Amino acid sequence: MNKNKIILKHCPNFYKIINFEYYEGDLISDKLIKIYQDYIFKVDINDEEALKDIENLDKIIARYFDDYYFRTEMQNGLKKIRVNINEKNILQIIIENIFKIFDKYEEGTTRKIYVTRWI
């Protein structure tokens, strides 16, 4: 089977993510989509752990575009990432930080209850 087809099988939100229309000037969303595409197509399809990572990343990025609160949390978290220029795999470091931001957000939202008020 073609490598791209296998990757897309593990990323059900791929087309939703790459076709998302973000605001003009939203550099973070633009870069996040590029990072997503770079990462999923560089993964080794024979590595089960890597395939789980791209499934998680697909879920996280889809949530980024669906959930306004998560989007603001992710944007604030991404602005705080510091990467040493001498690092060999900068992309992997960014992805790991995205996972950490998501885990932190999930942990926080399970403790918060949002009450809506209808007028």
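Owing to the predicted nature of the structure, the values given are computational and were not obtained by experimental measurement.
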With a 4.5 Å cut-off on side-chain heavy atoms, are Ile61 and Asn13 touching? no

Could Asp30 and Lys34 be called an ion pair, given the rule that one side-chain N must be under 4.0 Å from one carboxylate O? yes

Lys5 vs Leu8, test: side-chain contact (heavy atoms from CB on, under 4.5 Å). Steps then yes/no. CA-CA 5 Å; Lys5 286 184 180 182; Leu8 292 179; 5.8 Å; no

Testing Ile45, Val43, Leu51 one by one against His10 for a side-chain contact (heavy atoms from CB on, under 4.5 Å), which residue passes? Leu51

Just how far is it from atom NZ of Lys31 to atom CG of Asp38, taken to the nearest 0.5 Å? 10.0 Å

Compare all side-chain heavy atoms of Ile94 with those of Ile98 and state whether any distance is below 4.5 angstrom. yes

Phe102 and Glu73, any side-chain heavy atoms less than 4.5 Å apart: no

Separation between CG of Asn97 and NZ of Lys104, rounded to the nearest 0.5 Å: 11.5 Å

Atom of Asp44, atom of Ala50 and distance for their closest heavy-atom approach: O-CB, 4.0 Å

Donor-acceptor pair, distance only, cut-off 3.5 Å: does the side chain of Asn76 make one with the backbone of Thr72? yes

Ile18 and Leu27: same hydrophobic cluster, using ILVMFWY side-chain contacts below 4.5 Å? no

Ring pair (Phe, Tyr, Trp, His ring centres under 6.0 Å) against Phe20, all qualifying residues, sequence neighbours excluded: Phe65

Asn56: side-chain hydrogen bond (donor to acceptor under 3.5 Å, both in side chains) partners, not counting sequence neighbours: none

Residues Gln75, Asp26; criterion side-chain contact (heavy atoms from CB on, under 4.5 Å); working and verdict: CA-CA 10 Å; Gln75 287 176 348; Asp26 185 1; 3.7 Å; yes

Residue list, ring pair (Phe, Tyr, Trp, His ring centres under 6.0 Å) with Phe41, at least two apart or on another chain: Phe14

Closer than 4.0 angstrom, basic N to acidic O: yes or no for Glu55 and Lys9? no

Pair Asp66 + Arg71, salt bridge at N-O below 4.0 Å: no

At what distance, to the nearest 0.5 angstrom, does SG of Cys11 lie from NZ of Lys16? 13.0 Å

Quick check for you: to the nearest 0.5 Å, what is the distance between Tyr39 atom OH and Ile54 atom CD1? 8.0 Å

Apply side-chain contact (heavy atoms from CB on, under 4.5 Å) to Tyr64 and Ile17, showing your working. CA-CA 9 Å; Tyr64 172 84; Ile17 292 169; over 6 Å; no

Roughly how far apart are Ile40 CD1 and Ile7 CD1, rounded to 0.5 Å? 6.5 Å

Decide yes or no for Asp53 and Ile95: does some side-chain heavy atom of the first lie under 4.5 Å from some side-chain heavy atom of the second? no

Distance, nearest 0.5 Å, that separates CD1 of Ile28 from OH of Tyr22: 12.0 Å

Does Glu106 form a side-chain contact (heavy atoms from CB on, under 4.5 Å) with Arg63? I'd like the steps, not just the answer. CA-CA 11 Å; Glu106 282 291 305; Arg63 174 90 180 258; 2.5 Å; yes

